[in-house]
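Have a look at the structure below before the remarks.
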Amino acid sequence: MVRDETETHVTADVAEKIARVRERVAVAAARAGRDPSSIRIVGVTKTVPADAVEVLDQAYAAGLRVFGENRVQDAARKQASLFANALAAGAELHLIGYLQTNKARDAVRLFSLIHSVDRPGLVDALQRRAAADGKHQDILLQVNVAREPQKHGCAPEEAEALLRHAAAQPNLRVRGLMTIAPLVDDPELTRPVFVALRELRDQLQEATGIALPELSMGMTNDYEVAVEEGATIVRVGRAIFG
Ligand SMILES: *Cc1c(COP(=O)(O)O)cnc(C)c1O
């Protein structure tokens, strides 16, 4: 009995947290005159253990349909346990973290969207693997807008060449851009980073004629600012599963 009560408490908590994030997304969207249904919440499960199936099922029941992992190996390990029910019910997995070229094959098999494509060699590897599987792989180009030396992502001035290269691949579909803002205490300080990603997207669309509808930006600390600045995908971990 005690165990059941504990589990009920934990899972109800996740549903409440999701409701709170969704509400804040809606309020931020309203401030910017945006339709909240144009924003997808990716539940980042990197801290959720593979056997915490009830947590994941509760998140799915609360309406989350996309889950994000930052390592291919972790997603592969959790595929048959943590994610089994949600995937069977139609949920999607996204890769949000750095992708090694030698993991491209597994990545193409596991993820409906890869947020972290940041170099031509990775584009080539993904094209090869997607072609071999007969898949059209959706990708985002990760841009290191804040130019943080420890972060992955191409430099803003490299984005156009990378976009043209990726868009020329028959088995890849570039859907937009992704960035990770610097971790700061005041989320307001991240706003220029999100504005810069949106403006880069606008410039790239203008220069290339390639549609880039998705902007993946915003995490627990700063997703409301990101929504105000045009995020179509927010990647939220701690606020839901923390
Ligand atoms: C961990 C992670 C997130 C989620 O971060 P939280 O602060 O827990 O919301 C989002 N994006 C990337 C790339 C991450 O690695």
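Counting convention: from 1, in listed order, for ligands and their atoms alike.
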Which atom pairs, nitrogen or oxygen on both sides, join ligand 1 and the protein at under 3.5 angstrom?
from     : atom 1 : to     : atom 2 : distance (Å)
ligand 1 : 7 (O)  : Arg238 : NE     : 3.2
ligand 1 : 7 (O)  : Arg238 : NH2    : 2.9
ligand 1 : 8 (O)  : Arg238 : N      : 2.8
ligand 1 : 8 (O)  : Arg238 : NE     : 3.4
ligand 1 : 9 (O)  : Thr220 : N      : 2.9
ligand 1 : 9 (O)  : Thr220 : OG1    : 2.5
ligand 1 : 9 (O)  : Gly237 : N      : 2.8
ligand 1 : 11 (N) : Arg235 : NE     : 2.9
ligand 1 : 15 (O) : Lys46  : NZ     : 2.8

_Stepwise salt bridge (charged side-chain N to carboxylate O under 4.0 Å, His left out) check, Arg147 with Glu157_ = CA-CA 11 Å; Arg147 301 178 190 276; Glu157 64 274 14; 3.0 Å; yes

_Under a 3.5 Å threshold, yes or no: a donor from one side chain and an acceptor from the other, between Ser216 and Arg235?_
yes

*asked:* Between Ser116 and Gln142, does the side chain to side chain donor-acceptor pair (under 3.5 Å) criterion hold? Intermediate values first, please.
replied: CA-CA 5 Å; Ser116 49; Gln142 182 177 351; 4.8 Å; no

Could you pull out every donor-acceptor pair under 3.5 Å between side chains of residues 120-131 and any protein atom, sequence neighbours left out?
from   : atom 1 : to     : atom 2 : distance (Å)
Asp124 : OD1    : His165 : NE2    : 2.6
Gln127 : OE1    : Asn171 : N      : 2.8
Gln127 : NE2    : Asn171 : OD1    : 3.0

Side-chain donor-acceptor contacts of residues 83-94 below 3.5 Å, not counting sequence neighbours, with atom names and distances?
from  : atom 1 : to     : atom 2 : distance (Å)
Asn85 : ND2    : Asp57  : OD1    : 3.3
Asn85 : ND2    : Asp57  : OD2    : 2.8
Glu92 : OE1    : His94  : NE2    : 3.2
Glu92 : OE1    : Ser112 : OG     : 2.6
His94 : ND1    : His115 : NE2    : 2.9

*Each residue besides Val184 in its hydrophobic cluster should be listed here, by chain and number; the cluster joins Ile, Leu, Val, Met, Phe, Trp and Tyr at side-chain heavy-atom distances under 4.5 Å.*
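When side chains under 4.5 Å apart are linked, the cluster holding Val184 also contains Leu189.
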
